[in-house]
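To find a chain, count down the sequence lines: A is the first, B the second, and so on, and within it residues start at 1.
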2 protein chains.
Amino acid sequence: MELEIAHLCVLVHLYDLSWNSAVVYITMAGIDSCYRSRIKRPTKMQKRSPPPTLSEVARKAGVGTTTVSRVINGGDRVSPMTLARVRRVIEALGYMPNQAARVLKGVRTNTIGLIIPSIADPFFSSCAEAAQAVARAHDSLLIVTTSHNDPHAEIENIHILTRHRVDGLIIAPANSQNQTLRDLLDRLSVPVVAIDRPISNSSIASVVTDNFKGARFATRHLIDHGYKRIVCLTGESTLFTIQERIRGYRAAVESAGIPYTLDTSIKDYKSAEYSIESMLAGANPPDALFTLKNSTTIFAYEALQKLNVRVPKSVALLGFDDFELASAVRPSISVVQQPVEEIGRVTAELLFDQLLGSRNGLPAHSKRTRQVTLETRLIQRSSCGCTPASVSSDKAGPS
Amino acid sequence: MELEIAHLCVLVHLYDLSWNSAVVYITMAGIDSCYRSRIKRPTKMQKRSPPPTLSEVARKAGVGTTTVSRVINGGDRVSPMTLARVRRVIEALGYMPNQAARVLKGVRTNTIGLIIPSIADPFFSSCAEAAQAVARAHDSLLIVTTSHNDPHAEIENIHILTRHRVDGLIIAPANSQNQTLRDLLDRLSVPVVAIDRPISNSSIASVVTDNFKGARFATRHLIDHGYKRIVCLTGESTLFTIQERIRGYRAAVESAGIPYTLDTSIKDYKSAEYSIESMLAGANPPDALFTLKNSTTIFAYEALQKLNVRVPKSVALLGFDDFELASAVRPSISVVQQPVEEIGRVTAELLFDQLLGSRNGLPAHSKRTRQVTLETRLIQRSSCGCTPASVSSDKAGPS
DNA sequence: CTGTTAGCGCTTTCAC
DNA sequence: GTGAAAGCGCTAACAG
C-alpha cells in the first residue's frame with residue numbers, strides 16, 4: 001500500500017474581474033457595420049464581440065471582398081499598396097478567415113480524421129503523433145477521436161468526422177470483421193486507411209505489423225533457448241492483433257512439438273499473480289512466459305518478482321510490444337518491438353497518396369489499394385535468457 | 001547494445017482493385033440533380049460521388065428543406081409518416097449533414113481546441129483523454145494539436161483552431177510570460193483556459209498543479225530522512241512548472257540550512273551518467289537526488305544502476321511526476337504524483353462553465369476567472385529510503 | 001405540420 | 001488590378 005501524505009484537494013481562488021470591462025464594442029465603421037448577431041443582443045453586454053468577417057475587412061479597407069479574399073490567399077494579383085492596406089486592416093481587426101465558409105464552397109477541408117482506441121495508450125499516441133506530423137506536412141489538421149474499442153463509439157466517431165467533412169480517415173477498427181463498419185466505410189466519400197488492424201474483405205488500404213511472424217519468431221527464440229513449456233499469456237483475445245500473435249505462438253510451438261498453452265485471463269496484476277502462482281504450483285510448471293501485450297508483460301513481470309521467481313533462471317519472460325522501461329528494469333525485459341512511428345507515418349502517407357491521387361485523377365499506381373505489413377524486431381534483453389553485450393548502452397535511445 | 005534480429009523492412013502488396021468499379025453514379029432524381037461539382041468532371045470517372053446534400057434528400061423525399069432540417073435535428077414538428085419517409089431517404093443516400101454549413105449559420109461548432117506540447121507525452125495525453133471525455137459529455141469534439149513547446153507553432157495552432165471556429169480553447173503555453181501569446185489570447189473571441197501552466201498577467205483561467213508545494217514537500221521529506229546533500233536534477237529550466245519545482249526545492253533546502261545544488265544538464269542518459277558520476281567522485285558527493293521530471297528521473301535511475309550505486313543506501317532518489325513502472329522496478333521509485341486526469345477534467349469543465357455561462361448571459365458566479373491549483377501527493381516507495389508496507393499491492397492500480 | 005425564403009462568410013467567374 | 005454577384009448546404013423566421 002502506498003502512503004498518501006498530502007491530501008488531494010482543490011483550491012479555487014476567485015478573482016472578481018470585471019466581466020464588463022472586457023467589452024470592447026467596436027463601431028468605427030460605416031452605417032451598416034452593426035448588424036445581425038451584434039444587433040440581436042443590444043442591451044446584454046457581451047464578453048467578446050463576434051469575430052470580424054471578410055466583408056468587414058473589405059469595408060474598412062475600402063476594397064471589395066474579392067480583393068480581401070485574394071490577400072488572405074497569398075496576395076497574388078493585388079497591387080502592393082492595396083495589399084499592404086488590407087493586411088493592416090486584417091491585423092488591426094484580428095481577422096481570421098472562417099474555415100466553415102471556405103469548406104462550404106467545396107474546397108478541401110484540409111483535415112483528416114484518426115480514430116483510435118485511446119489517446120492515452122502509448123502505442124496509439126505515438127502513431128497519432130507521427131500521423132500528425134505527416135498531416136502538418138500536407139498542411140492538414142489531424143482530428144483524433146477515441147473509440148475505446150467500442151464498435152458503437154467507432155461508428156459514432158465516423159459520423160462526427162464525416163459531418164466535419166474530413167478529407168480522409170484513418171481508423172484502427174475495434175473488430176476487423178465488423179460488417180456494419182466495413183459497409184459504412186465503403187460508402188464513405190473519402191479515402192480510408194486502416195491502421196494496426198485491417199478491415200477484412202474490403203478494398204480498404206491498411207498498415208499493420210506482422211504480428212504473426214513477430215510472435216512466431218519470438219516463440220522460436222524461446223524454443224532455441226531450450227525452453228520446453230512455454231505459456232502464452234494475454235488478457236484479450238478478440239483483437240485482430242492478439243489473435244495473430246496467438247497464431248504465431250501456436251505455429252512455433254506446434255512445429256516444435258511443444259505443448260500449446262494459452263491463458264487469456266490476465267486482466268490485471270491480481271489475475272497475473274494468481275495465474276502464474278497456480279501454474280508454478282501445478283504439475284507442469286512453465287519454464288517460459290510469452291506475453292502478448294504491454295500491460296500483460298508488466299503484470300507478469302511484477303508477479304514473477306513478487307513470487308520471488310528468478311527470471312530468466314526459473315522462468316523466462318518475453319513480451320510483445322516494447323515499452324520505455326523495459327530496458328531499465330532488472331532483469332531487463334526482452335520484447336518484440338513494433339515500428340510504432342513508422343506505422344503512423346506510413347498510414348498517413350498512404351492516405352495522402354490517395355488524396356493526392358484522386359485530386360489529380362491519377363492513373364495506374366495510385367489507383368491500387370495497398371496492404372502494407374511492417375516487420376517487427378526482437379529486442380534481446382535479459383529476461384529471455386540472453387545476455388546483452390552492454391546492459392545500459394541502449395539507454396540513450398528513448399530520450 | 002541491443003541485438004537486432006529481424007531486419008526492419010516493408011512489404012507492399014498491391015492489389016489491383018478496379019478503381020472504376022467502385023463508382024456508383026447515382027442519378028435517380030429530377031432534372032437538376034446533376035449539378036456543380038458533379039458536372040465539372042463529366043468524363044473522368046470518380047472514385048466516389050460527392051456527398052448528398054440536404055436538398056437532395058428533400059427532393060427525393062418530396063418534401064421541403066425545412067422538413068429535412070427538422071428531421072435531422074430531432075424530428076420535432078414533423079408528422080410520423082413524413083419523418084419515416086425522410087429518414088428512409090437519408091439512410092438510402094447515406095446523407096450526413098454538412099457541419100460547415102451549420103457552423104456558417106452561426107450556431108456553435110461544438111468543437112473545442114487543445115494545444116499541448118506533445119500527444120506522445122503520457123502526462124498530456126492523459127490530460128487530453130480526460131478533457132475529451134468532458135467534451136463528449138458536452139456533445140463536443142476535442143481537436144488536439146501539438147506545439148512541441150515552440151511559441152511559433154503555438155501561435156500557428158491558435159490560428160488554425162480559430163479558423164476552425166472552435167467554441168473554446170485549452171492551452172498549455174510554452175512560455176507563461178509570452179506577451180504576444182497573451183495578447184493574442186486576450187483578443188480571441190472565445191473563452192480560453194490554460195492547462196498545467198498559467199498565462200501571467202492575464203485574466204485567463206488556469207488549472208495547474210501546485211508544483212512549488214509539491215517540490216518543497218518532497219525535498220522536506222528527503223531532509224526528514226536525514227539526507228544532507230540533496231542535489232536537484234533537471235534538463236530544462238525555462239518551463240513554468242520546472243521553475244516552480246526548483247523554487248520549491250530551494251525553499252526547502254534553504255530553510256533547512258542545507259546546500260542548494262541545481263544541475264540542469266540532464267538531457268539524456270549519457271548526461272545523467274556523466275553528471276552523477278562526476279558528483280559522486282567529487283568532494284561533496286550527494287546523498288540524495290531530487291529529479292524534476294519524468295525522463296530525468298529515469299535517466300538518473302538508470303545511471304545509478306549502471307554505476308552500481310546502492311539506492312537508497314548510498315544515494316536516495318525522489319522524482320517529480322509518477323510513471324507507470326515506478327512501482328515495478330527494484331527499488332521502486334518514490335515520486336511526487338500529480339492528479340493528471342483531474343487536471344484535464346477540471347480544465348475542460350472550467351471551459352464549458354465559461355461556454356455555458358456566456359451562452360445564458362449568466363450573472364455573478366460564472367463571470368469570474370478562476371485560477372485552480374491542484375495538490376500533489378507524495379508516493380512513498382523505496383528509493384527515498386521509505387519502506388512501503390507491501391511492495392506489490394499498489395500494482396492493481398494502474399491496470 | 002409544412003414550404004418559401006433570406007442569408008451565414010467565403011470563393012469564384014466574369015466584367016470592368 | 002479590382003469588384004459585383006452568384007451561390008456552397010444549412011437554419012430560422014415567417015407564412016400557409
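The A:Ser79 side chain lies nearest to D:dG1 when the options are C:dT2, D:dG1, D:dC10. Between C:dT2, C:dC14, C:dG3, one nucleotide has an atom nearer to the side chain of B:Thr66 than all others, and that is C:dG3. With distances taken from any side-chain atom of A:Lys105 to the nucleotides D:dC10, C:dT2, C:dC10, the minimum falls on C:dC10. Of the candidate nucleotides C:dT2, C:dC10, D:dC10, C:dC10 has the atom lying nearest to any side-chain atom of A:Pro97. Residue B:Thr67 places its side chain closer to C:dG3 than to any other of D:dT2, D:dG9, C:dG3. The listed nucleotides are C:dC10, C:dT4, C:dT11; the one nearest the side chain of B:Thr65 is C:dT4. The side chain of B:Leu54 lies closest to D:dT11, out of C:dT2, D:dT11, C:dT5.
Rounded to whole Å, atom P of C:dT11 lies 15 Å from atom CZ of A:Arg108. If you measure from atom CG of B:Leu104 to atom C1' of C:dC8, you get 4 Å, rounded to the nearest angstrom. Between the NE2 atom of B:His164 and the P atom of C:dG9 there is a distance of 18 Å, rounded to whole Å. The CZ-C1' distance, from A:Arg77 to C:dT13, rounds to 10 Å in whole Å. Atom C1' of nucleotide C:dG9 and atom CG of A:Asn73 are separated by 13 Å, given to the nearest angstrom. Between B:Asp76 atom CG and C:dT2 atom C1' the separation is 14 Å, expressed in whole Å. Following rounding to the nearest Å, B:Tyr95 (OH) and D:dC10 (P) show an atom-to-atom distance of 3 Å. Counting to the nearest Å, the P atom of D:dG9 and the CZ atom of A:Arg165 are 9 Å from each other.
OP1 or OP2 of C:dG9 has not a single side-chain nitrogen or oxygen of A:Ser55 nearer than 4.0 Å. When the side-chain nitrogen and oxygen atoms of A:Arg102 are compared with OP1 and OP2 of C:dT11, one or more of them lie within a distance under 4.0 Å. A:Asn98 has no side-chain polar atom (N or O) that falls below the 4.0 Å cut-off from OP1 or OP2 of C:dC8.
We find the CZ-OG1 distance between A:Arg87 and A:Thr82 to be 11.5 Å, quoted to the nearest 0.5 Å.
The number of heavy-atom neighbours closer than 6.0 Å to NE2 of A:His152, taken from other residues, nucleotides and ligands shown, is 12 or below.
Counting non-hydrogen atoms under 4.0 angstrom, A:Val68 reaches nothing in the nucleic acid. Counting any heavy atom pair closer than 4.0 Å across all strands shown, B:Val63 reaches sugar-phosphate atoms only and no base atom. Within 4.0 Å (heavy atoms only), A:Thr82 reaches sugar-phosphate atoms of the nucleic acid but no base atom.
Counting atom types as modelled, A:Arg70 pairs a side-chain N or O with a base atom of D:dG3 as donor and acceptor under 3.5 Å.
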Check the pair A:Ile204, A:Asp186 against side chain to side chain contact (heavy atoms under 4.5 Å, CB included), reporting the backbone distance first and the verdict last.
CA-CA 8 Å; A:Ile204 291 169; A:Asp186 280 340; 3.9 Å; yes
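Both B:Ile72 and A:Gly64 lie near DNA chain D, and the one whose nearest nucleotide falls closer to the 5' end is A:Gly64.
Residues A:Leu355 and A:Ile112 form a side-chain contact, since some pair of their non-hydrogen atoms from C-beta on lies under 4.5 Å apart. Two residues are said to be in side-chain contact when any heavy atoms from C-beta on lie closer than 4.5 Å; B:Asp183 and B:Thr180 fail this criterion.
A donor-acceptor contact shorter than 3.5 Å links the side chain of B:Gln99 to the backbone of B:Thr109.
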